[in-house]
Amino acid sequence: MQPIEIKKNVYWVGALDWDVRDFHGYSTPQGTTYNSFLVLDDKITLFDTVKKNHSSELLNNIRQLTDPEKIDYIVVDHVEMDHSGALPEIVEITKPEKIFCSSMGKKALLAHFHREDWPYEVVSDGQEINLGSKTVRFFETRMLHWPDSMFSYIEEDKLLISQDAFGQHWATSERFDDQVDQSILMQQAAKYYANILLLYSPLVAKLLAKVTEMGLVIDMIAPDHGLIWRTNPGEIVKAWDSWSKQETKAKALVVFDTMWHSTESMAEAIAEGIASAGVSVKVINMQFSHRSDVATEMLDSKAVVLGSSTINNGMLPRMADVVSYIKGLRPTGKIGAAFGSYGWGGEAVKLLKETMEEMQFELVDPGLRVNYVPTEDDIERCVELGKKIGEAVKS
Ligand code: FEO
C-alpha cells in the first residue's frame with residue numbers, strides 16, 4: 001500500500017497483513033496492519049517499524065519519500081515484535097544517529113536483539129525533542145500493554161502516535177476512521193480492547209485521567225494497528241474511558257460447550273428466560289466460536305453465564321480454555337451463574353462456579369445441574385434461572 005500523508009510532512013509508511021489469523025490466541029479473521037510513521041523534517045524520523053516479514057513493504061514506502069539512509073532518528077514506542085521485528089534490518093540500512101525509547105524500552109530491545117552498539121537515547125516521561133519544525137513529546141505508558149510502551153505526541157500537529165493503544169486488528173485499504181463502516185470499526189476496536197487491554201483497565205483509566213488533566217489537545221490519533229482516528233478522535237477516547245471503567249449494558253452472555261446437546265438445551269432455556277425478563281442475551285457455543293469473541297462479548301455484558309457437561313471429572317476442554325482466558329483478562333463487576341448436564345460426578349458446574357467466585361462475580365444461583373437429559377421440569381428450572389439472571393441484570 002502506498003505511503004499516505006496524514007499531517008503535513010508526516011506519512012503513514014506501514015504494511016498490511018491480510019493473512020494473519022492468530023495473534024497469540026486472539027483471532028484476526030480480517031488480518032491487521034503494522035503502522036509506521038515517517039516525519040520529514042530537519043531530522044528525518046521514523047516512528048516504529050513493522051513485523052520482520054513485512055520489512056520490504058516498509059522500505060519500499062520509505063523509498064518513495066526519501067532515501068532510507070537519510071533517516072536520522074528512529075523512535076521505538078513499543079518493542080513487541082510486530083513493531084520491532086524489522087528494526088535490525090532498518091537500523092542496518094539507515095544507521096540512525098539516535099534510537100529513542102523508554103528506559104524499559106532499551107532493556108527490552110537489548111533482550112530481544114542483543115545489540116549493545118545501537119545508539120539508544122533513553123527518554124523520560126514528558127521529555128521533548130526537536131526535529132526542526134516539529135516537536136515530539138514522549139509519554140510513558142508503562143504496562144499499556146508492555147513495560148516499554150510509550151506515546152509520541154507531535155505538538156505542532158496535535159498528533160498522538162499511540163503505538164498499540166486505540167488500535168484495531170483490521171487490514172483495510174483505507175487508512176482513516178471516516179473511510180470505513182463505523183459499526184465495524186467500533187466492533188474491531190472493542191475486540192482489541194477486550195482481548196489486549198482489559199487486564200490493564202485500571203492503568204488505562206489513570207492514563208486517560210492524566211491526559212485530561214494535562215489538557216492535551218488531540219486532533220488525530222495514529223495507532224500502530226488499524227485505522228487512524230482523524231475525524232473524531234474523542235469518540236475512541238470516550239469508548240476507552242467506558243471500557244476501562246468496565247461499564248456494562250443490560251446484556252447477558254451465555255457461553256457453553258455440550259457433549260450430547262443436554263447442556264445446549266439448558267443454555268437455550270436459560271437464554272429464553274433472560275430474554276423474557278427484557279434483557280438482551282447472546283449465546284455462544286464454543287464448538288463454533290473463538291475465545292477472543294467471547295472476550296469481546298463479555299466486555300459490555302453485565303451477566304456471564306457459563307455451562308459445561310462434565311468429562312473426566314472436569315469441564316469440557318473448550319470451556320477450560322475460554323474460562324482460563326477470560327479469567328486472565330480480569331473482568332470486574334459481573335453477575336454470574338453456572339450450569340450443565342452430567343452423568344455421574346457433575347464436577348464441571350462446581351468448577352465453573354469456583355472460577356467465577358475467584359473472579360469475584362456475584363453469583364445468583366448455587367449452580368444448576370441436570371442428570372443426563374433434561375426433563376420438561378428441568379427446562380422450566382433453566383427458564384426460571386434465566387429470569388432470575390435477567391432480573392439481577394436490571395436491578
Ligand atoms: Fe502490536 Fe503489543 O504489539
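This chain uses plain numbering: 1 for the first residue, then up along the sequence. These numbers were taken from a predicted model, which means no experiment stands behind them. In each ligand, atom 1 is the first atom listed, and ligand 1 is the first ligand listed. Values reported hereafter were calculated over all heavy atoms of this structure, with side chains retained and with hydrogens, waters and symmetry mates removed.
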Is the [X] ring parallel, tilted or perpendicular to the [Y] ring (thresholds 30°, 60°)?
X: His83; Y: His78; value: tilted
X: Tyr372; Y: Trp344; value: tilted
X: Tyr193; Y: Trp240; value: perpendicular

For this session: Check whether any N, O or S atom of His83, backbone or side chain, sits closer than 2.8 Å to atom 2 (Fe) of ligand 1.
Result: no
Exercise. So among Lys191, Lys245, Lys251, which one has a salt bridge (charged side-chain N to carboxylate O under 4.0 Å, His left out) with Asp300?
Worked result: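 Among Lys191, Lys245, Lys251, the one meeting salt bridge (charged side-chain N to carboxylate O under 4.0 Å, His left out) with Asp300 is Lys251.
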For this session: Please name the atom of His78, restricted to N, O or S, that is closest to atom 2 (Fe) of ligand 1.
Result: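 The closest N, O or S atom of His78 to atom 2 (Fe) of ligand 1 is NE2.
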Problem set entry | For atom 2 (Fe) of ligand 1: the N/O/S atom of His145 at shortest distance |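 Of the nitrogen, oxygen and sulfur atoms in His145, atom 2 (Fe) of ligand 1 lies nearest to NE2.
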Exercise. Looking at Asp82, which of its N, O or S atoms is the nearest one to atom 1 (Fe) of ligand 1?
Worked result: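 Relative to atom 1 (Fe) of ligand 1, the closest nitrogen, oxygen or sulfur of Asp82 carries the name OD2.
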Exercise. With a cut-off of 2.8 Å, does any N, O or S atom of Asp164 fall short of it relative to atom 1 (Fe) of ligand 1?
Worked result: yes
Problem set entry | Presence of N, O or S from Glu80 under 2.8 Å of atom 1 (Fe) of ligand 1 | no
Problem set entry | Close aromatic pair by centroid cut-off 6.0 Å: Phe138 and Phe151 |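 Here the rings of Phe151 and Phe138 have centres that are no less than 6.0 Å from each other.
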